[in-house]
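Single-structure report; data block below.
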Number of protein chains: 2
Amino acid sequence: MSRNNAGLSAERIITEALRIIDGQGLRRLTMRRLGDALEVEAMAIYHHFPLGKEQLFEALVAYISDVSRGASGGDGDEAQESTEDDGEGADDSSWDRRLRDWAMDYRRALLDHAQALPLFIHRRPDTEAALRTRELHYAAFAEAGLSGADVVQAAAALDSYVTGAVIHEVRANGLPAREPAAIDGRFPHAAALNGVELDPERRFTDGLDALLGSLRP
Amino acid sequence: MSRNNAGLSAERIITEALRIIDGQGLRRLTMRRLGDALEVEAMAIYHHFPLGKEQLFEALVAYISDVSRGASGGDGDEAQESTEDDGEGADDSSWDRRLRDWAMDYRRALLDHAQALPLFIHRRPDTEAALRTRELHYAAFAEAGLSGADVVQAAAALDSYVTGAVIHEVRANGLPAREPAAIDGRFPHAAALNGVELDPERRFTDGLDALLGSLRP
DNA sequence: ACCTGAACACCGTTCAAGT
DNA sequence: ACCTGAACACCGTTCAAGT
């Protein structure tokens, strides 16, 4: 029995790491546990990620951010296709529909891997897929009538919006509603509105509509 | 020489932890290093934070979020007062000025401790200061003419905006601009706009103005 | 090329003990 | 009440070695 060639690959490592993160949390993703899950010694991972855990983290951010993945290799457990056009490349829908689709897909990807979100703060994917996404954003805003720095600013606003909305949603889910007892007369508005819940999906699309509307020249 | 009563306190632990995070990064904040910096054994920290590192993390999030701190105890190194009104309590400026001041202060606090930002994603302060902030937001939006769920939605949008904008700013600072070589003809818009930088301060206040304008009924 | 095994310098936390 | 010291069960990573 050769104990070598366990069939390890970067993709297999990434998806297994994501499974651990999603199921047990970011802090429980350790090289040793990841090795166990892959039925391999932890040190084998370093052959595919020579720079260690930091390199794995960057790959995870790039993997999650690549919302357009799914045409070819993925044995992933989630459908990542928008509606029904399977073909890659050119999308002939309107600029705001393209941006809306991207925003919805990206939000879903972030929510599906909410435990990985801390990785996103100080890391940004430097891949061709990320560049494709940037091109998609710029082209759409150019088509909307913007130009120059306005395009960059609009793309930044869109990215900021999705990130901020998702984090707000995640933070809200974490903490249970305050018991009314703790909110006394000094906080009348907070007391009156305590427990008011908003439909997060609707909140997101409403805010998205408002943003895209305000960005059009 | 009694080695006891080293003058440890929750506040001293928090500010020292923040100094380590700001100077060396979140991952280098360890109980042992923190103990060293406080000239105490690491285990002494557990007397003030019996639940360990997670409790310390929560305290850090609450500390940074409390933008109104500074009237009494703080020996902090940063001025956290908005303009010149030292008194606590009632603020008679307009509702949008109050919200704008809070947003600018909160953004500054987050940027000053950008290395601590990953802590914010899955934690929200459950303190009286946090409740005061919520009351401030709700009261301002009520004064603006909103009511009921619209107030909660507006507050959520404001919080999301600041978080998203700060994270975008931090992520943009991290990665150096792509070398133009990597951006070939397939990405014409990305190539044309490569290297376009936006003044982050202006971008933030512009977006803030747009948001507050759109939230008014 | 791809993986193992032992080793090093760390971690967070518990627990009994000191003052 | 407040802090120490030793100990336990982990970490990430290096390095030489196996096939």
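Every heavy atom of this structure was used, including side-chain atoms; hydrogens, water molecules and symmetry mates were not.
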Exercise for the section: Output yes when at least one side-chain N/O atom of B:R33 is less than 4.0 Å from OP1 or OP2 of C:dC10, else no. Expected result: no

Practice task
Using a cut-off of strictly less than 4.0 Å, decide whether B:H48 has a side-chain nitrogen or oxygen near OP1 or OP2 of D:dC3.
Solution key: yes

Interatomic distance, [X] [atom1] vs [N] [atom2] [rounded to whole Å]:
{"X": "A:Y46", "N": "D:dT14", "atom1": "OH", "atom2": "P", "answer": "7 Å"}
{"X": "A:H47", "N": "D:dA16", "atom1": "NE2", "atom2": "P", "answer": "16 Å"}
{"X": "A:R28", "N": "D:dC10", "atom1": "CZ", "atom2": "C1'", "answer": "11 Å"}
{"X": "A:L38", "N": "C:dC3", "atom1": "CG", "atom2": "P", "answer": "10 Å"}
{"X": "B:M43", "N": "D:dC3", "atom1": "CE", "atom2": "C1'", "answer": "11 Å"}
{"X": "B:L29", "N": "C:dC10", "atom1": "CG", "atom2": "P", "answer": "16 Å"}
{"X": "B:F49", "N": "C:dG12", "atom1": "CZ", "atom2": "P", "answer": "15 Å"}
{"X": "A:E41", "N": "D:dT19", "atom1": "CD", "atom2": "P", "answer": "15 Å"}

Practice task
Answer yes if the ring centres of B:Y161 and B:F204 are under 6.0 angstrom apart, and no otherwise.
Solution key: yes

Handout entry: Pair assignment for D:dG5, Watson-Crick or G-U wobble, requiring both distances under 3.5 Å
Key = C:dC15

Handout entry: Nucleotide forming a Watson-Crick or wobble pair with C:dC10, both distances under 3.5 Å
Key = none

Practice task
Please figure out whether B:R32 or B:S9 has its closest DNA chain D nucleotide nearer the 5' end.
Solution key: B:S9

Exercise for the section: Using the ring of A:F187 (Phe, Tyr or Trp, six-membered ring only), decide whether B:R134 places NZ or CZ under 6.0 Å from its centre and within 45 degrees of its axis. Expected result: no

Handout entry: Residues A:E128, B:R186: salt bridge by 4.0 Å N-O rule
Key = yes

Handout entry: Salt-bridge contact A:R107-A:E201 (side-chain N to carboxylate O under 4.0 Å)
Key = yes

Problem - Closest listed nucleotide, where the reference is the side chain of B:A44 and the choices are D:dT4, C:dC3, D:dC11 - result: D:dT4

Handout entry: Any B:P188 side-chain heavy atom under 4.5 Å of A:E135 side chain
Key = yes

